[in-house]
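Some notes on the structure that comes next.
So you know, we letter chains A, B, ... as the sequences are listed, proteins then strands, and number each from 1. Everything quoted here is computed from the prediction, not taken from an experiment.
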Amino acid sequence: MKKLAWAPLGAVALAIAAIAPAEAADQKSVAVTAIVEHPALDAVRDGVKAALKTEGFEEGKNLKWQYQSAQGNPGTAAQIARKFVGDKPDAIVAIATPSAQAVVAATKTVPVVFSAVTDPVAAKLVPSWEPSKNNVTGVSDLLALDKQMELVKKVVPNAKRVGMVYNPGEANSAVVVKELKELLPKMGMTLVEAAAPRSVDVSSAARSLVGKVDVIYTNTDNNVVSSYEALVKVGQDSKLPLVASDTDSVARGAVAAMGINYRDLGEQTGRMVARILKGEKPGDIKTEVSTKMELFVNPGAAEKQGIKLSDELVKSAAKVVQ
Amino acid sequence: MTLFSFLGAIEIGLIFALVALGVFISFRLLRFPDLTVDGSFPLGGAVCAVMITSGYSPIIATIGAALAGAVAGLITGWLNVKLKIMDLLASILMMIALYSVNLRIMGGPNVPLINDPTLFNQLQPSGMEDYVFRPLLLIVIVILAKLAMDWFFLTERGLAIRATGTNARMARAQGVNTGGMILLGMAVSNALVGLAGALFAQTQGGADSSMGIGTIVIGLAAVIVGESILPSRKLILATLAVVIGAIVYRFFIALALNSDFIGLKAQDLNLVTALLVTVALVIPQLKRKLSKKP
């Protein structure tokens, strides 16, 4: 018989032996996971940490903080969920839908606070927007779409056709498209979709909209946000104004955005986590949506994309990017 | 590592053992580089989740998922055998096509299965914790799949598939319909992957369009790690090695998840996993070298 190579089995033994160190009694622990690392999701994580510090929970003092990213792999997300539940932290923060579903499926007892999930009810994380009465609550990044579309009207007053580039494989984007199809006709506009299943498709999807639309609106689609520059190029070349829904994209070349700052969303999530650490039950806390929406404008980008922003709009902005 | 995380690694390892058995059939037995699995894994999840949410019993839904996987494999085989498209390219075409097909099946990118009936919560005996029961049921499923596979590849038809992979020209000379064997082998392989996708969706809270990313890498890693741990030309041992490989691979990830104590961060996870697997692959070679020297 051939010899077994024991080394990998040794690794298994080592993994079993890697036991988490014992915690001090007055120390709270928070475990954070995200499906993938990208600027908005990272901002949420950093916001959570900052808010916890403000609330008196500081890493290294009275807070044990751990963070794991699944690096885009759902098998790993599932395993991270299992690891966290086994660690029995005082709260698990799960960022984005797939990670949140994996964690919620893995535990009925450990408090779970999701964040940056657009429609937690459709994702079945919570039964309704009311307090769940179980171990789950969180903060949604659902955008007030009517406010977004009012902004589109202010930027391009005679807009009839609104183009949208998005990944049909992203749950958050599919929700937005569905709602826009109902909302836009009420405002005298129509939606023209362009699918970008991968980041590299964003540019060609945007080009397919040229001549068919008066303005391009983008939600917080991961593919679009990660390659926003490709969209800006098309906007400049073909004089199509871009309206974004995350304020970070304004500095990258969007004309305007009425959006959520993901750092603020993270801080809001962090305050919710702090309430749980202080003894409140997650089941008694209502699922929240972002409380803070800010208008960012970029007059320079507007000029390059062939329009001029009204003085009124520029004046009402929280931030004017030059 | 906690018991929960230990059992979690076994649970997910067992699900990916089915993927690895499927990949073993295509890569090792048929010598067909098959990337269809990145699409047939979420296909299985999608079919299963949609069937369960529309009221079918989880058992029927799971079987439906395996059949859907088989059809996906058949089409890849057909593209290769009948349309003469290169094997790797045929599987890539099928993989990208399945992405859209899965979105159509699910009617969107995500179908949650959090409070719905699943194979696991329906069969779970009262008084037993779910995190203990899930790996137990999976062990039974994986052992049954492995034994069925061992048996199948010793039948005349199974041997014909193996002969096709080893030497297609020789097989044809012996009167084997090699094209048909490729179709059959690919169907069996992707049926296992579809089954794994269905079980994954039922244990992880639902099906998601991003669920397939990297399936082929995990499947291949499991096959190769397994072969390195238990090298054997005997089919019964080779399939056992593949199952062990899938579970050991999950322990590498568990180890990587616990590696922050040596100053590694979350973003290093894939790198740490790759390094651990590399070490596992190199050690048997080193041992062989050392044992040859007097």
Taking side chain as everything from C-beta outward and backbone as N, CA, C, O, which of these in A/Ile80 sits under 4.5 Å from a heavy atom of chain B? Side chain, backbone, both or neither. both
Pair A/Asp141-A/Thr118, side-chain hydrogen bond (donor to acceptor under 3.5 Å, both in side chains): steps then yes or no: CA-CA 5 Å; A/Asp141 62 357; A/Thr118 300; 2.8 Å; yes
Given the rule in the salt bridge (Lys or Arg N to Asp or Glu O under 4.0 Å) test, do A/Lys64 and A/Glu59 qualify, once you have shown the distances and angles that lead to the verdict? CA-CA 6 Å; A/Lys64 184 176 178 281; A/Glu59 190 184 7; over 6 Å; no
Side-chain donor-acceptor contact under 3.5 Å, A/Asp42 with A/Tyr262: no
Chain A contacts, top residue of B/Gly8, B/Gly212, B/Ala256, B/Pro109 (heavy-atom pairs, under 4.5 Å): B/Pro109
Between B/Leu103 and chain A, with a heavy-atom cut-off of 4.5 Å, which part of the residue counts as in contact: side chain, backbone, both or neither? side chain
Are a donor atom and an acceptor atom from the side chains of A/Thr76 and A/Gln71 found within less than 3.5 Å of each other? no
Between B/Leu113 and chain A, which part of the residue has a heavy atom less than 4.5 Å away: side chain, backbone, both or neither? neither
Quick one: which of A/Ala34, A/Gly86, A/Ala105 has the most heavy-atom pairs under 4.5 Å with chain B, could you say? A/Gly86
Could you tell me whether A/Lys49 and A/Asp46 make a salt bridge, using a distance below 4.0 angstrom between a side-chain N and a carboxylate O? no
In terms of heavy-atom proximity below 4.5 Å to chain A, should B/Thr203 be classed as side chain, backbone, both, or neither? both
So which part of B/Asp116 gets closer than 4.5 Å to some heavy atom of chain A, the side chain, the backbone, both or neither? side chain
Answer with yes or no after comparing the ring centroid distance for B/Phe16 and B/Phe41 against a 6.0 Å cut-off, counting only values under it. yes
Any luck finding a side-chain donor-acceptor pair between A/Ser227 and A/Ser199 under 3.5 Å? no
So what's closer than 4.5 Å to chain A heavy atoms on B/Asn270: side chain, backbone, both or neither? both
Using non-hydrogen atoms and a 4.5 Å limit, figure out which bit of A/Thr33 sits close to chain B: side chain, backbone, both or neither. neither
Looking at A/Gln68 and B/Leu257, would you say the former's side chain and the latter's main chain have a donor-acceptor pair under 3.5 Å? yes
Counting only heavy atoms closer than 4.5 Å, note whether A/Asn172 contacts chain B via side chain, backbone, both or neither. neither
Salt bridge present between B/Glu11 and B/Arg250 (N-O < 4.0 angstrom): no
Under 4.5 Å, counting heavy-atom pairs only, tell me which of B/Pro112, B/Gly205, B/Ser5, B/Ser209 racks up the most with chain A. B/Pro112
Less than 4.5 Å to any heavy atom of chain A: does that hold for the side chain of B/Tyr131, its backbone, both, or neither? neither
Using a cut-off of under 4.5 Å for heavy-atom pairs, which of A/Ser69, A/Ala77, A/Pro74 has the most such pairs with chain B? A/Pro74
So which of A/Lys83, A/Gln79, A/Lys124 has the biggest tally of heavy-atom pairs under 4.5 Å with chain B? A/Gln79
Regarding A/Gln66 and A/Asp87, do their side chains bring together a donor and an acceptor under 3.5 Å, going by distance alone? yes
Taking side chain as everything from C-beta outward and backbone as N, CA, C, O, which of these in B/Ile213 sits under 4.5 Å from a heavy atom of chain A? Side chain, backbone, both or neither. both
